> 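Here's a structure for you.
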Amino acid sequence: MNPIEDTMLISYTLDAGINRHNMNALSEIHLGHKTITFKELVGSGKNKLNFSDIELAKATEYAAEDADVTLRLYENLKERMNEEKLNKIYEYFEKPMVKLLAKLEFNGIKVDVNYLKKLSAQFEKKLKKIEKDIFTVAGKEFNIGSPKQLGEIIYNELKIAKLKKTRKGSLATNASVLENLALTGHKFPNLILEWRQVSKLKNTYTDALQDHISSKTKRVHTSFLLAATNTGRLASSDPNLQNIPIKSEDGREIRKAFVADKGNVLISADYNQIEMRILADIADVKELKKAFKNNEDIHSLTASQVFNVPIDKVNEDLRRKAKAINFGIIYGITQYGLAKQIAVSNQEALDFINAYFKKFPEIKDYMNTTIKFCRTRGFVNNIFGRRIHLRGINDKNFSVRSFQERAAINAPIQGSAADIIRLAMIKLDQIIETDKKFKTKMLLQIHDELIFECSQNDKDYVKKVIKEAMISVSISDYHMFSIPLNVSINSGLNWGEAH
DNA sequence: CCGTTCACG
DNA sequence: ACGTACGTGAACGGG
């Protein structure tokens, strides 16, 4: 029995994709009452007061309104939730997360501050060096971090290629544009790309992370947001620990700064290709389901089907392309998107997509059915019955409508994966609270990955239990999976090593 | 405060 | 005829 209720989470369960879920917004929408905001109460800028300095009568009015509005919202939303039969989503997927995430936030994760400082200095040196080269090539000094100034140099001074503009009409200098410019043989674009990467790592990670270390615990404590995404995923902020680098060489170094306490290890447990598995399940894709049951390499299989070559003749390049197609499918593929991603012509991309749908016709059916359903109902469901609303699905603007259609295809897949890992977290939290032999702390969730910390001595048992729990959520009361789940699990003294 | 860019799944 | 692959948050520049 969990007696705590939360209007924000009820609203999220009912209206994800329609509203924001904070009390002020909900009050205006459902009660037609504009609340006193905290900002109005305490002021802003240099006149900003502390809550303790607010006149008692005013503080009372604010606090009483808060309580009144919350109760009225609860009565209002609870009714709708029961009528629409969404109470199970709220009870089983939302409510248990509140206390659980509080524990994750409270636990925090240790970072090696000296190591971060060393990395910062290293990046700084690298930046200075690249900066010098950039100014030499440009023939003058400018703010490399200003896309406006950079665009001027690229298109007006160096005249590397003809103008590319962003949606809003400014000069485009993003990575994909620069990569194309690099093909002209000019060295400038690659210098910028390198500078961008290193400055990103330094500013956003090695420098900023140090400011987030708690002086009390010497650890970093993120905030997990439970009602921020449309799909059921969590989000993380202050700092965001769900986008710590891993893809580049320099980036991976940053993961090593996340360390286990003395005598402990970090454990990382990843669902393998969970979204492709869910696609195979919801779209009932015979070939894919068979492949997952037989533990086959799914991207090689795709390559062999789409490019019509025997599976043992699939080379690295074909596999890479097939992998991009599989990702694209989950995002609601377009020929333009795929063409850009794997650097082929629009026609070739279209041919690949057509070949793909011919081999996996159930996927095309799933897409059509999902969009049709969404057009009439205004929302889609994931495998557990979570609802995601797509407000613009019938918009008369082609671009808006297409965007919503792709989101409608993606939402049940991404959202089912999000709810599967929620179940795993809830299950593991119960084990943590009840199994005296299972001594471990849950630290982070990164969409398809969980990070734990436990004693060196316990790690073998802990890993076994985690893996078993994550894999077995599939045979729960909520949904019978037609495909097995798989989990990779590793441990080490730091996050880089545990991955 | 918005737009651009880029880090992640 | 659209100029997009889905979902996020943070840093920075510039009005």
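Everything numeric here is computed off the predicted structure, so don't read it as measured data. Chain letters run A, B, ... following the sequence lines, proteins first, then strands; residues in each count from 1.
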> Any chance CZ of A:Phe135 has more than 12 other-residue heavy atoms, nucleotides or ligands included, within less than 6.0 Å?
yes
> Do the side-chain N and O atoms of A:Ser300 and A:Asp297 include a donor-acceptor pair separated by under 3.5 angstrom?
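Yes - a donor-acceptor pair under 3.5 Å links their side chains.
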> Which part of the nucleic acid does A:Ala175 contact within heavy-atom distance under 4.0 Å: base, sugar-phosphate only, or nothing?
sugar-phosphate
> Pick the P atom in C:dA5 and in B:dC2, then give their distance to the nearest Å.
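After rounding to an integer number of Å, I get 22 Å for this pair.
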> Mind running a 4.0 Å heavy-atom check of residues 354-381 of chain A against DNA chain B and sending the residues that fall below it, in number order?
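Those residues: none at all.
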> Produce a footprint string for nucleotides 3-8 of chain C: one letter per nucleotide, 5' end first; B if the base is under 4.0 Å from any protein heavy atom, S if only the sugar-phosphate is, - if neither.
BBBBBS
> Can you list every stem that DNA chain C is part of, counting only runs of 3 or more consecutive Watson-Crick or G-U wobble pairs with both distances under 3.5 Å?
B:1-9 with C:6-14
> Going by the side chain to side chain donor-acceptor pair (under 3.5 Å) test, which pairs reach into residues 387-402 of chain A, not counting sequence neighbours?
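Counting only pairs at least two positions apart or across chains, the side chain to side chain donor-acceptor pair (under 3.5 Å) contacts touching residues 387-402 of chain A are A:Glu84-A:Arg387.
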> Base, sugar-phosphate or nothing for A:Ala411? Non-hydrogen atoms, less than 4.0 Å.
nothing
> Does A:Lys427 NZ have over 12 foreign heavy atoms under 6.0 Å away?
yes
> Answer with base, sugar-phosphate or nothing: what part of the nucleic acid does A:Glu449 contact at a heavy-atom distance below 4.0 Å?
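No contact at all - A:Glu449 keeps every heavy atom at 4.0 Å or more from the nucleic acid.
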> With no hydrogens and no angle check, just 3.5 Å: does a side-chain donor-acceptor pair link A:Asp207 and A:Ser120?
yes
> Any carboxylate oxygen within less than 4.0 angstrom of a Lys/Arg side-chain nitrogen, looking at A:Lys256 and A:Glu253?
yes
> Please classify the nucleic acid contact of A:Ile409 as base, sugar-phosphate, or nothing, using heavy-atom distances under 4.0 Å.
nothing
> Show your reasoning for whether side-chain hydrogen bond (donor to acceptor under 3.5 Å, both in side chains) applies to A:Asp351 and A:Gln347.
CA-CA 6 Å; A:Asp351 293 343; A:Gln347 185 56 52; 3.0 Å; yes
> Whether A:Glu362 and A:Lys289 form a salt bridge (side-chain N of Lys/Arg under 4.0 Å from carboxylate O of Asp/Glu) is what I want to check.
no
> Taking atom P in both B:dC6 and C:dT4, what distance in whole Å separates the two?
15 Å
> What residues form a side chain to side chain donor-acceptor pair (under 3.5 Å) with A:Tyr356, not counting sequence neighbours?
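Testing A:Tyr356 for side chain to side chain donor-acceptor pair (under 3.5 Å), a comparison that skips the adjacent residues, returns A:Asn326.
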> Taking only residues at least two apart or on different chains, which pairs with a member in residues 336-345 of chain A satisfy side chain to side chain donor-acceptor pair (under 3.5 Å)?
A:Ser345-A:Glu348
> Only counting residues at least two apart or in another chain, list the ones meeting side chain to side chain donor-acceptor pair (under 3.5 Å) with A:Glu405.
A:Arg375
> Return yes if a side-chain donor-acceptor contact under 3.5 Å exists between A:Ser268 and A:Asn490, otherwise no.
no
> Think A:Lys202 forms a cation-pi with A:Phe123, using NZ or CZ under 6.0 Å from the six-ring centre and within 45 degrees of its axis?
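Cation-pi check for A:Lys202 and A:Phe123: fails.
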> Go through the structure and list residues passing side chain to side chain donor-acceptor pair (under 3.5 Å) with A:Tyr205, not counting sequence neighbours.
A:Asn243
> Which side-chain N or O atoms in residues 187-197 of chain A pair as donor and acceptor under 3.5 Å with protein atoms at least two apart or in another chain?
from     : atom 1 : to       : atom 2 : distance (Å)
A:Arg196 : NH1    : A:Thr173 : O      : 2.9
A:Arg196 : NH2    : A:Thr173 : O      : 3.3
A:Arg196 : NH2    : A:Thr173 : OG1    : 2.8

> To the nearest angstrom, how far is A:Lys168 atom NZ from C:dG13 atom C1'?
16 Å
> For the P atoms, the ones on B:dT4 and on C:dG3, what distance do you get once it is rounded to whole angstrom?
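Nearest-Å result for B:dT4 against C:dG3 at atom P: 14 Å.
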> Between which nucleotides of DNA chain B, read 5' to 3', does contact with chain A run, using atoms under 4.0 Å from its heavy atoms?
B:dG3 to B:dG9
> Taking side chain to side chain donor-acceptor pair (under 3.5 Å) as the definition, give me every residue that meets it alongside A:Ser416, ordered by chain and number, with sequence neighbours left out.
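Scan of A:Ser416 (side chain to side chain donor-acceptor pair (under 3.5 Å), adjacent residues dropped) gives none.
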> Residues of residues 187-212 of chain A with any non-hydrogen atom less than 4.0 angstrom from an atom of DNA chain B: list those, numerically ordered, please.
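Only A:Arg196, A:Gln197, A:Lys200, A:Tyr205 qualify.
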